[in-house]
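This chain uses plain numbering: 1 for the first residue, then up along the sequence. Keep in mind that the numbers below use all heavy atoms, side chains included, and drop hydrogens, waters and symmetry copies.
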Amino acid sequence: MAAISCSASDLQPLLGAAANATAAAQYICGRFDAVSNKFVDTAYAVDNTYLLFSAYLVFAMQLGFAMLCAGSVRAKNTMNIMLTNVLDAATGGLFYYLFGFALAFGTPSNGFIGQHFFGLNKFPSQSFDYGYFLYQWAFAIAAAGITSGSIAERTQFVAYLIYSSFLTGFVYPIVSHWFWSADGWASPARADNLLFGSGVIDFAGSGVVHLVGGIAGLWGALIEGPRIGRFDHEGRSVALRGHSGTLVVLGTFLLWFGWYGFNAGSFLNILKPYGESGSYYGQWSAIGRTAVTTTMAGCSAALTTLFGKRLLSGHWNLTDVCNGLLGGFAAITSGCSVVDPWAAIICGFVAAWVLMGCNKLAEKLKYDDPLEAAQLHGGCGSWGIIFTALFAKKAYVGEVYSGQPNRPYGLLMGGGGKLLAAHLVQIVVIVGFVSLTMGTLFFLLHKLKLLRISSEEEMAGMDVTSHGGLAYVYTDECSDPAMLKPGFVVSRTGPPSSAV
């Protein structure tokens, strides 16, 4: 918000020829400038408070991920998966501070990688304040949290630390630079040379966050293989159900709550009128609309999954409905700010079928992902990118990306195919880059025998073998030091016994 200036030389003639007219003009302008500066300060404070609050909401999603993951794995691996979620945040925080933010938003830079603000050097600046760093860090660790679910229940703890550092410190920041930095080669915020005259409208990250995390998890799960017992000796799917539907629902609602910061918060500021000041309609209205489209997509996907799974399996399945809901959110994340609520309902409906289709395909290919993370975030995230290119509304695109007039918009809304072309490019380059980097990393960890735990440890459960005991202690027998040694299995009906 620019300050409104007052000129004493312009004001003085209006005060007449009095002896003190000059002093009066200087005094009035001085007071006027002071009040104007206060309004500027207030605008900065309001916008930064909004951004910080949004960052807190996105960070609360880590608790949602932790609870969802904990409920979706077996009880013997509960401590392990929750600890990995804690360390995704802690490790991601350090590496995003040292390298990640600079690689993502270190402007001025080239179109491929950032070059400034390593370790938040020269912070804050005219471009960025600390709240912006915190917000972007919360996004980075969300991508790492997605990946941790794909490789749950059979991954060495050291592998989590290595992949999380690499993903949040290098891979994710480079992708976010391409599509979110003003210098990025495919960013819609570039001053010129926009990709297909449009750039990629991935407003809150169906591609940058969800597709990146999903593809990273896909390679991790593919390289280390399915959990023991996931498929029988004839190759048929065997359900290894999570131990707590309560935690799954708790995690789902926490993620739903945080998604309002994820999507609506991506406007970064709220005190911005559209057109003339003094109108009831402005960026605050677009933020409200974004929260509504987010809600509609999730609700539509949840109900579609509920009835779809009923038709396919004959059950009203709680976990599937929760995952369907989250699939709708992952899909709407790209276009949440530039589509109408009715379009968001279509987005959620299709996302539910995309998720169910991906899960069927995963079973046929004997792919094991305990959280359905690759299917949910990768599959639904890809659909969300395409959906945006089909349904983005001209008026909303013009408001959100006001620097470029006559920008291409949704194909089905009459905007031509340029936006769709840009979005197809986004899917291809993200899948290619993440496969090259994270696929190579997981392959090297596998070759160095740092990726998968032993079969004995997997059968006993990682809580006992790696973390000093079970998450749920029902009897004193569970505190027996012998249990803490690899090779011991916890019986469901009796005391610990040596593994055969």
Side-chain angles (χ1 to χ4, degrees), residues 56-86 88-89 141-142 145-150 152-153 210 213-214 217 239-263 291 294-333 344 348-349 351-356 358-359 369-377 379-381 463 470-472:
Y56 304 151
L57 284 176
V58 178
F59 179 69
M61 296 177 76
Q62 287 301 118
L63 178 56
F65 279 125
M67 295 300 99
L68 180 68
C69 289
S72 299
V73 302
R74 290 163 290 178
K76 62 183 180 180
N77 297 309
T78 306
M79 286 175 56
N80 171 263
I81 194 65
M82 288 197 293
L83 182 56
T84 60
N85 275 271
V86 173
D88 280 340
I141 60 176
I146 292 168
T147 305
S148 67
S150 295
E153 296 203 282
H210 295 284
L240 300 179
R241 299 192 181 280
H243 79 281
S244 176
T246 302
L247 290 178
V248 169
V249 172
L250 175 62
T252 300
F253 274 113
L254 286 169
L255 287 168
W256 188 338
F257 178 63
W259 229 294
Y260 292 120
F262 205 91
N263 286 3
T294 301
T295 304
M296 292 300 101
C299 294
S300 173
L303 291 172
T304 303
T305 306
L306 176 70
F307 291 104
K309 292 298 291 187
R310 173 69 174 178
L311 291 172
L312 294 173
S313 66
H315 300 289
W316 307 102
N317 192 290
L318 169 67
T319 302
D320 287 338
V321 170
C322 288
N323 283 340
L325 175 83
L326 298 177
F329 288 152
I332 195 61
T333 295
F349 175 81
W353 290 107
V354 168
L355 178 57
M356 288 185 279
C358 287
N359 284 334
D369 186 326
L371 272 292
E372 301 177 4
Q375 302 94 298
L376 193 161
H377 298 278
C380 296
D463 289 0
L470 297 171
Y472 305 103

Shortest non-hydrogen contact between Cys358 and Gln375, atoms and distance
CB-CB, 3.7 Å

Output for pair (Leu247 CG, Leu68 CG), nearest 0.5 Å, gives 9.5 Å

For residues Trp259 and Thr333, is any side-chain donor paired with an opposing acceptor at under 3.5 Å?
yes

Would you find a donor on one side and an acceptor on the other, under 3.5 Å apart, between the side chain of Thr147 and the backbone of Gly213?
yes

Nearest-0.5 Å distance that lies between atom CG in Leu312 and atom CG in Asp320:
9.5 Å

Could you tell me whether the side chain of Lys309 reaches within less than 4.5 Å of the side chain of His315, counting heavy atoms only?
no

Determine the interplanar angle of the Trp316 and Phe307 rings, folded into 0 to 90°, and report it as parallel if under 30°, tilted if 30 to 60°, perpendicular if over 60°.
perpendicular

Distance-minimising heavy-atom pair for Phe65 and Ile146
CZ-CG1, 4.1 Å

Per side chain to side chain contact (heavy atoms under 4.5 Å, CB included), Cys69 is matched among Asn85, Val248, Thr78, Thr84 by Asn85

Would you find a donor on one side and an acceptor on the other, under 3.5 Å apart, between the side chain of His210 and the backbone of Gly379?
no

Applying side chain to side chain contact (heavy atoms under 4.5 Å, CB included), run through Cys322 and Trp256 and close with a yes or a no.
CA-CA 10 Å; Cys322 288; Trp256 188 338; over 6 Å; no

Please step through side chain to side chain contact (heavy atoms under 4.5 Å, CB included) for the pair Met61 and Leu255, ending with a clear verdict.
CA-CA 5 Å; Met61 296 177 76; Leu255 287 168; 3.8 Å; yes

For Arg310, look at atom CZ and say whether over 12 heavy atoms of other residues, nucleotides or ligands are found less than 6.0 Å away.
yes

Determine yes or no for a side-chain-to-main-chain donor-acceptor pair under 3.5 angstrom, with Asn263 supplying the side chain and Thr294 the backbone.
no

Is any side-chain heavy atom of Leu325 closer than 4.5 Å to one of Thr252?
yes

Checking Asn359 against Glu372: is there a side-chain donor and acceptor pair closer than 3.5 Å?
yes

Rounded to the nearest 0.5 Å, what separates atom CZ in Arg74 from atom CG in Leu240?
4.5 Å

Hey, could you give me the CD/OG distance between Glu153 and Ser72, rounded to the nearest 0.5 Å?
9.5 Å

Side chain to side chain contact (heavy atoms under 4.5 Å, CB included) between Met82 and Met67, intermediate numbers included
CA-CA 8 Å; Met82 288 197 293; Met67 295 300 99; 3.7 Å; yes

Check: Ser300 main-chain N/O paired with Thr304 side-chain donor or acceptor under 3.5 Å:
yes

Side-chain contact, heavy-atom cut-off 4.5 Å: Phe253 with Phe257?
no

Under 4.5 Å between any side-chain heavy atoms of Asn323 and Thr305, yes or no?
no

So do the side chains of Val73 and Asn80 get within less than 4.5 Å of each other, counting heavy atoms only?
no

